[in-house]
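None of the values given here were measured: they were computed from a predicted structure. Protein chains get the first letters and strands the later ones, always in sequence-line order, with residue 1 at the start of each.
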Amino acid sequence: MKKFNFPLTPKKIASKLDCTTNFTKKVKLNNVTELHEANEHSVCFFENPKFMDALRETKAGLIFVSKDFDKSLKPNANLLLIDKPYIHFVMLVRTWLNLDNPKMKKSRIDNSAKIASSAFLGKNIVLGSNCVIGENVNIGDDTIIESNCVIQDDVRIGKNCHIFPNTTIYEDCVLKNNIIIHAGCVIGADGFGYIFHNGIHNKIPQVGNVIIEDDVEIGANSAIDRATLGSTIIGKGTKIDNLVQVGHNCKIDENSILCAQTGLAGSTEIGKTVYLAGQVGVAGHLKIDDGAMIGAQSGVTNDVPKDAKLFGSPAIEAGLQKRIMVSEKYLPEVVKEYRKRQKAKDKK
Amino acid sequence: MKKFNFPLTPKKIASKLDCTTNFTKKVKLNNVTELHEANEHSVCFFENPKFMDALRETKAGLIFVSKDFDKSLKPNANLLLIDKPYIHFVMLVRTWLNLDNPKMKKSRIDNSAKIASSAFLGKNIVLGSNCVIGENVNIGDDTIIESNCVIQDDVRIGKNCHIFPNTTIYEDCVLKNNIIIHAGCVIGADGFGYIFHNGIHNKIPQVGNVIIEDDVEIGANSAIDRATLGSTIIGKGTKIDNLVQVGHNCKIDENSILCAQTGLAGSTEIGKTVYLAGQVGVAGHLKIDDGAMIGAQSGVTNDVPKDAKLFGSPAIEAGLQKRIMVSEKYLPEVVKEYRKRQKAKDKK
Amino acid sequence: MKKFNFPLTPKKIASKLDCTTNFTKKVKLNNVTELHEANEHSVCFFENPKFMDALRETKAGLIFVSKDFDKSLKPNANLLLIDKPYIHFVMLVRTWLNLDNPKMKKSRIDNSAKIASSAFLGKNIVLGSNCVIGENVNIGDDTIIESNCVIQDDVRIGKNCHIFPNTTIYEDCVLKNNIIIHAGCVIGADGFGYIFHNGIHNKIPQVGNVIIEDDVEIGANSAIDRATLGSTIIGKGTKIDNLVQVGHNCKIDENSILCAQTGLAGSTEIGKTVYLAGQVGVAGHLKIDDGAMIGAQSGVTNDVPKDAKLFGSPAIEAGLQKRIMVSEKYLPEVVKEYRKRQKAKDKK
């Protein structure tokens with residue numbers, strides 16, 4: 001349960017929103033949580049009727065409900081009636097976190113951070129314990145780099161980024177603004193490239209970099225490889241989940257989604273607002289066009305046109321794939337019948 | 001080969017076990033290993049007849065064999081005859097490790113560890129070099145946190161836990177007792193949640209936590225996301241392998257097994273003693289009931305009943321899936337025959 | 001774009017190669033990049049006709065082209081005509097990096113590195129900030145261990161290795177010579193082994209180690225588990241990509257390739273020059289023989305003979321798998337026809 005240091009009242013919360021209210025008691029609110037674990041200081045939301053029992057029993061101090069909510073279902077509670085309760089609840093949490101987190105806001109360079117003399121630090125930066133900041137690194141204003149991160153030489157990081165612990169960023173990589181990198185990520189490790197010659201794999205030097213555009217978020221323990229030459233690019237607003245692999249020289253455009261454990265081989269291009277579900281694999285040198293959606297565990301082996309919906313390994317049009325999947329349960333008997341027919345033929 | 005500082009004799013080992021012995025020479029034992037690399041100080045076991053050649057040639061100083069073992073197969077060796085030799089060998093190794101590892105047993109707070117003044121440390125704790133322990137963190141007795149781990153604010157860790165290097169635990173997470181977390185894990189990173197609005201992905205704040213119950217072990221570089229609200233829960237005695245992804249708000253019950261590279265999307269529930277083999281994917285908001293077994297690389301897209309055995313992507317009943325897989329090799333000829341038939345029809 | 005401190009001229013570069021030249025202007029070269037982002041100081045290569053437009057527009061200071069290149073296509077440029085331009089370009093980059101990187105060449109033990117008094121360090125070693133080097137560790141000449149790595153007790157690392165930041169190597173592991181380990185790797189964590197007894201999973205102590213032979217490279221955030229007994233072995237010249245899982249007691253022979261997110265369960269043997277594409281899974285206790293190639297996302301469930309090409313989950317002979325995949329799109333209509341036939345029969 002997230003507890004805030006900065007308390008709010010139902011009235012204060014309602015005052016910022018286009019809502020009606022049904023307040024029955026005075027409470028001081030200091031946390032947000034799910035209905036079933038709420039206390040009298042909790043703000044919750046109710047939208048899905050399957051949680052009706054939890055609603056009836058909850059002790060929450062304030063509940064966001066939909067405009068047409070029947071108040072008799074939860075008498076004696078503080079209700080805030082609003083269009084799209086969940087989205088407004090989420091917005092409240094975002095605002096509250098900003099009100100609440102002054103410690104992250106104030107500059108703090110831990111004395112154990114190792115900062116190269118040629119590094120440039122902007123204003124109001126946080127560098128956690130044991131951070132290592134290499135030569136010529138440039139870090140923009142309001143950026144937080146947490147403990148035990150290693151930022152190698154010549155990396156540029158923009159404003160208002162948040163890099164979680166134990167992350168490594170290899171030399172020459174560029175992170176723009178408002179980027180979140182979760183713990184354990186590796187940005188800019190060598191692409192996987194060899195020339196097989198004289199019976200051994202000769203390493204192709206990987207001398208490109210990674211460029212991450214504004215507003216990207218990357219989940220824990222993901223790996224984005226540097227380009228062989230040029231840049232691996234993660235486009236503005238793209239969101240990447242945990243344990244994702246992006247190969248060298250990939251270019252991902254704006255606002256795409258890569259779910260957990262998805263992997264892109266080298267030099268593949270992903271368009272705008274593409275959706276790759278969990279554990280998807282995409283072969284190298286392909287192009288997935290804007291708006292395409294690829295189902296979980298699919299294996300993409302060809303270019304994908306705009307707005308296509310694909311599924312399966314290898315991935316084909318999702319509707320056809322589903323029809324095939326439904327048909328497969330009959331396959332054993334179809335084959336049995338076929339073999340009987342063949343045997344009969346052979347006898348003739 | 002594991003060498004112990006604390007030597008044992010065959011007699012000493014046998015004295016604790018319900019076994020018979022055939023000892024032919026005096027040896028000092030100080031390691032456990034496989035038959036083929038054993039020396040005169042090694043303890044080994046023999047159970048699988050496929051290693052008969054290795055048995056004949058081994059120089060091991062003591063061999064655990066089954067009760068009915070024919071001693072003439074390995075004359076002049078020290079034999080310990082016992083029911084279930086492998087299990088007793090394993091038990092011996094466990095005991096021996098405890099006898100042997102005094103350095104881990106004594107409290108040691110490295111002077112480079114950064115410990116917030118509000119943190120509470122129990123008795124007999126080990127904190128490795130460059131550990132970072134945040135505000136209000138509570139660490140129970142006999143817990144070991146190895147070098148370069150980052151434990152963020154308000155984390156609670158119970159007794160007798162062992163957290164390996166370079167692990168990150170995000171704020172507010174709770175680890176109970178006797179937990180092993182291997183190197184590079186990330187516990188409590190933000191769940192992957194956005195609301196797509198006005199053409200961009202708006203982050204849903206992730207203000208829940210992760211709760212890990214007693215006796216859990218988590219493999220290297222795995223990621224367990226914090227809940228959006230409430231808690232992601234890993235139940236007592238559950239064992240998780242390397243590179244596993246557990247999405248926000250998942251609840252895993254007791255004694256389940258998640259093999260390497262398996263991934264759970266958000267809000268999925270896993271029952272007791274469920275077995276998920278390697279590289280399994282489970283979609284969000286599902287319930288896999290107690291005792292279910294899911295084959296490797298399966299993709300689970302529906303709720304799974306108690307004790308069900310599923311396989312394939314999408315996962316279906318394993319027996320049917322296997323029959324389909326066997327049938328598939330005939331599919332090309334079945335289709336060829338079908339198309340011939342259709343052509344003949346079309347001509348009519 | 002990779003910039004070198006050590007500039008070269010076209011003439012200097014040509015002097016070491018079996019090539020002809022067409023030099024039209026004097027330039028000082030200090031970087032290598034792709035044609036489209038080149039400046040007058042860049043060296044590039046041109047081989048694939050699909051980049052003809054980029055060639056026409058590039059400002060590169062020197063371009064490697066094939067022997068039979070038509071010079072009129074790029075007048076006024078410095079051309080170096082050579083057999084296999086890409087390979088020679090790659091060789092140039094390798095040589096240039098060696099000329100250029102004096103800072104990595106000189107010994108530097110950061111004063112924040114924690115080095116056990118019993119550790120032995122060879123000549124000309126680099127230890128980055130906050131490295132932790134355990135008891136009895138032995139590190140060979142010219143090896144670089146970057147910041148925030150943890151090398152546990154009794155590890156042996158050979159000559160000329162490069163271990164990137166935030167890597168953990170568990171006790172007793174052995175790395176030979178010329179090995180590259182990328183950031184975030186975990187070498188030697190416990191294998192995933194339990195005995196289910198009295199309703200709980202009893203941990204099998206993992207007292208083996210990992211041995212990594214010469215010339216191996218391992219990608220970011222990969223995990224190689226230690227053996228239960230004996231050793232997990234990665235053979236000479238084998239290359240492993242990011243986020244790969246190698247289970248306990250696996251033996252990989254020489255010069256094999258494991259692409260990203262591939263996983264091997266325990267005790268599996270991989271031969272020489274085997275190729276495992278991305279996201280492949282291999283079950284435990286199998287043997288994949290020399291030269292075998294396994295397609296992406298395949299699931300290997302049986303031994304694989306020499307030079308076999310397999311594909312699919314479960315993996316079967318690749319040619320048959322592809323014929324099945326092509327046939328599958330007809331499956332819905334084949335089944336529909338079959339069911340119609342069955343209904344007609346049932347009516348009779």
Side-chain angles (χ1 to χ4, degrees), chain B residues 1-3 31-34 36-37 44 86-87 90-91 93-94 96-97 103 110 112 128-130 146-148 164-166 180 182-184 215 217 219-221 237-239 241-243 255 257 259-261 273 277-279 296-297 312-313 325 328-329 331-332 334-336 338-339 341-342, chain C residues 112 114 130 132 135 148-150 152-153 166-168 170 172 184-186 189-190 192 194-197 199-205 207-209 221-223 225 227 229-231 243-245 247 261 263 265 279 281 283 297 299 301 313-314 316 320 323-324 326-328 330-331 333-334 337:
Chain B
M1 181 187 307
K2 176 71 194 175
K3 275 188 198 151
N31 73 74
V32 290
T33 188
E34 296 183 311
H36 74 273
E37 59 167 28
C44 297
Y86 179 56
I87 289 181
V90 164
M91 305 302 257
V93 179
R94 291 170 62 143
W96 209 347
L97 284 168
K103 82 175 164 219
D110 193 280
S112 61
S129 304
N130 312 315
E146 296 212 36
S147 299
N148 290 9
F164 282 85
N166 284 314
I180 301 172
H182 283 285
D215 305 323
E217 181 165 2
N221 284 342
T238 280
K239 309 296 183 184
D241 199 353
N242 300 338
L243 293 164
N255 293 317
I257 293 279
C259 293
Q261 296 177 318
T273 58
Q279 297 183 334
Q297 295 191 324
S313 176
M325 283 166 173
E328 271 179 340
K329 67 179 171 194
L331 185 60
V334 167
V335 164
K336 197 175 157 192
Y338 163 80
R339 296 188 69 193
R341 216 152 54 225
Q342 291 310 104
Chain C
S112 60
K114 290 261 160 182
N130 313 317
V132 181
E135 299 292 344
N148 291 9
C149 287
V150 179
Q152 292 190 325
D153 296 351
N166 284 316
T167 287
T168 304
Y170 279 54
D172 287 322
C185 280
V186 178
D190 283 356
F192 194 64
Y194 305 90
I195 294 172
F196 192 68
H197 185 60
I200 62 167
H201 301 287
N202 297 273
K203 183 173 175 69
I204 301 173
V207 295
N209 72 349
N221 284 343
S222 286
D225 277 355
L229 295 172
S231 299
L243 293 163
V244 167
Q245 147 76 358
Q261 296 176 319
Q279 297 182 334
Q297 295 190 325
T301 55
S313 177
I316 58 173
L320 173 58
R323 286 196 302 282
I324 292 170
V326 166
S327 305
E328 272 179 339
Y330 297 101
L331 185 59
E333 32 180 317
V334 167
E337 189 217 37

J.: Heavy-atom distance under 4.5 Å between the side chains of F164(B) and Q152(C), does that happen here?
T.: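 Answer yes - side chains close enough.
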J.: Measure the CG-NE2 distance between L229(C) and H36(B) for me, rounded to the nearest 0.5 Å.
T.: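 L229(C) CG to H36(B) NE2: 10.0 Å, rounded to 0.5 Å.
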J.: Might you point out which heavy atoms bring Q279(B) and G263(C) nearest each other, and give the distance in Å?
T.: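 Looking at all heavy atoms of both residues, the closest pair is NE2-N, 3.6 Å.
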J.: What are the two closest non-hydrogen atoms of K239(B) and F192(C), and how far apart are they?
T.: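 Taking K239(B) first and F192(C) second, the nearest heavy atoms are O-CZ, 3.5 Å.
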J.: At a 4.5 Å cut-off on heavy atoms, which part of D215(B) comes close to chain C: side chain, backbone, both, or neither?
T.: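 No part of D215(B) comes within 4.5 Å of chain C.
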J.: Which atoms of T273(B) are under 4.5 Å from chain C, going by heavy atoms: the side chain, the backbone, both sets, or neither?
T.: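 When you check distances to chain C, only side chain atoms of T273(B) fall under 4.5 Å.
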J.: In terms of heavy-atom pairs under 4.5 Å with chain C, which of D110(B), D241(B), V334(B), T33(B) leads?
T.: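 Option with the top pair count is D241(B).
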J.: What part of Q245(C) is in contact with chain B, defined as an atom under 4.5 angstrom from a non-hydrogen atom: side chain, backbone, both or neither?
T.: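 Answer is both: backbone and side chain atoms of Q245(C) are under 4.5 Å from chain B.
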J.: Under 4.5 Å heavy-atom distance to chain C, tell me which part of E34(B) shows up: side chain, backbone, both or neither.
T.: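 Answer is both: backbone and side chain atoms of E34(B) are under 4.5 Å from chain C.
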J.: In Å and rounded to the nearest 0.5 Å, what is the CG to CG distance from N242(B) to N221(C)?
T.: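 Going from the CG atom of N242(B) to the CG atom of N221(C) covers 11.5 Å.
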J.: Under a 4.5 Å heavy-atom cut-off, does chain B meet the side chain of T301(C), its backbone, both or neither?
T.: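 Nothing of T301(C), per the 4.5 Å heavy-atom cut-off to chain B.
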J.: Not counting sequence neighbours, which residues clear side chain to side chain contact (heavy atoms under 4.5 Å, CB included) with P205(C)? List them please.
T.: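 P205(C) satisfies side chain to side chain contact (heavy atoms under 4.5 Å, CB included) with V90(B), V93(B), R94(B), L97(B), V207(C) only.
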J.: Work out which heavy atom in L320(C) is nearest to a heavy atom in P332(B); give both atom names and the distance.
T.: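 Nearest heavy atoms, L320(C) then P332(B): CD1-CG, 4.4 Å.
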J.: Hey, is CZ on R339(B) packed in by over 12 heavy atoms from elsewhere, all under 6.0 Å?
T.: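 Atom CZ in R339(B) is not packed in, count stays at 12 or less.
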J.: If you define the side chain from C-beta out and look only at heavy atoms, does anything of V150(C) sit under 4.5 Å from E146(B)?
T.: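 The answer is no, as the side chains (C-beta and beyond) never meet within the 4.5 Å cut-off.
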J.: Heavy-atom distance under 4.5 Å to chain B: side chain of V326(C), backbone, both or neither?
T.: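 For V326(C), no heavy atom lies under 4.5 Å from chain B.
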J.: Shortest non-hydrogen contact from Y194(C) to E217(B)?
T.: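 So the two residues come closest at OH-OE1, 2.9 Å.
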J.: Could you tell me the separation between the SG atom of C185(C) and the CG atom of N166(B), rounded to the nearest 0.5 Å?
T.: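 Spacing of SG (C185(C)) from CG (N166(B)) equals 11.0 Å.
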J.: Grab the two heavy atoms, one from V132(C) and one from S129(B), that are nearest each other, plus how far apart they are.
T.: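 It is CG2-CB, 3.7 Å.
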J.: Below 4.5 Å from any heavy atom of chain C, which atoms of C44(B) appear? Answer side chain, backbone, both or neither.
T.: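 Nothing of C44(B), per the 4.5 Å heavy-atom cut-off to chain C.
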J.: Decide yes or no on side chain to side chain contact (heavy atoms under 4.5 Å, CB included) for I87(B) and N202(C), but give the supporting numbers first.
T.: CA-CA 10 Å; I87(B) 289 181; N202(C) 297 273; over 6 Å; no
J.: Hey, is the main chain of K336(B) close enough, under 3.5 Å, to the side chain of Y330(C) for a donor-acceptor pair?
T.: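 Side chain of Y330(C) to backbone of K336(B), a donor-acceptor pair under 3.5 Å: no, none is there.
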J.: Taking N130(C) for the side chain and N148(B) for the main chain, is one N or O donor matched with an acceptor at less than 3.5 Å?
T.: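 Answer holds: no.
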J.: Of the backbone (N, CA, C, O) and the side chain (C-beta and beyond), which part of Q297(C) lies under 4.5 Å from a heavy atom of chain B, both, or neither?
T.: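 Contact with chain B is through the backbone of Q297(C) alone.
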J.: Rounded to the nearest 0.5 Å, what separates atom CD in E328(C) from atom CG in L331(B)?
T.: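 Answer rounded to 0.5 Å: 6.5 Å.
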J.: What residue, out of D225(C), N209(C), D172(C), has the most heavy-atom pairs lying under 4.5 Å from chain B?
T.: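 Heavy-atom pairs under 4.5 Å are most numerous for D225(C).
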J.: Between L243(B) and chain C, with a heavy-atom cut-off of 4.5 Å, which part of the residue counts as in contact: side chain, backbone, both or neither?
T.: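 Contact with chain C: side chain only.
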J.: Among N31(B), I257(B), V32(B), I180(B), who wins on heavy-atom pairs under 4.5 Å with chain C?
T.: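 Of the options given, most contacts go to I257(B).
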J.: Under a 4.5 Å cutoff for heavy-atom pairs, which residue among T168(C), I200(C), I316(C), I195(C) has the most contacts with chain B?
T.: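 Heavy-atom pair counts peak at T168(C).
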J.: Quick check: are there more than 12 heavy atoms from other residues, nucleotides or ligands sitting under 6.0 Å from NZ of K203(C)?
T.: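 Counting neighbours around NZ of K203(C), more than 12 heavy atoms of other residues, nucleotides or ligands fall under 6.0 Å, so yes.
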J.: Considering non-hydrogen atoms only, spot the tightest contact between I324(C) and K329(B) and give its length.
T.: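 Looking at all heavy atoms of both residues, the shortest contact is CD1-CA, 3.8 Å.
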J.: Is Q261(B) close to chain C through its backbone or its side chain, or both, or neither, when contacts mean heavy atoms under 4.5 Å?
T.: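 Contact with chain C is through the side chain of Q261(B) alone.
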J.: Ignoring hydrogens and angles, tell me if any N or O in the side chain of H201(C) forms a donor-acceptor pair with the backbone of T238(B) under 3.5 Å.
T.: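 Side chain of H201(C) to backbone of T238(B), a donor-acceptor pair under 3.5 Å: no, none is there.
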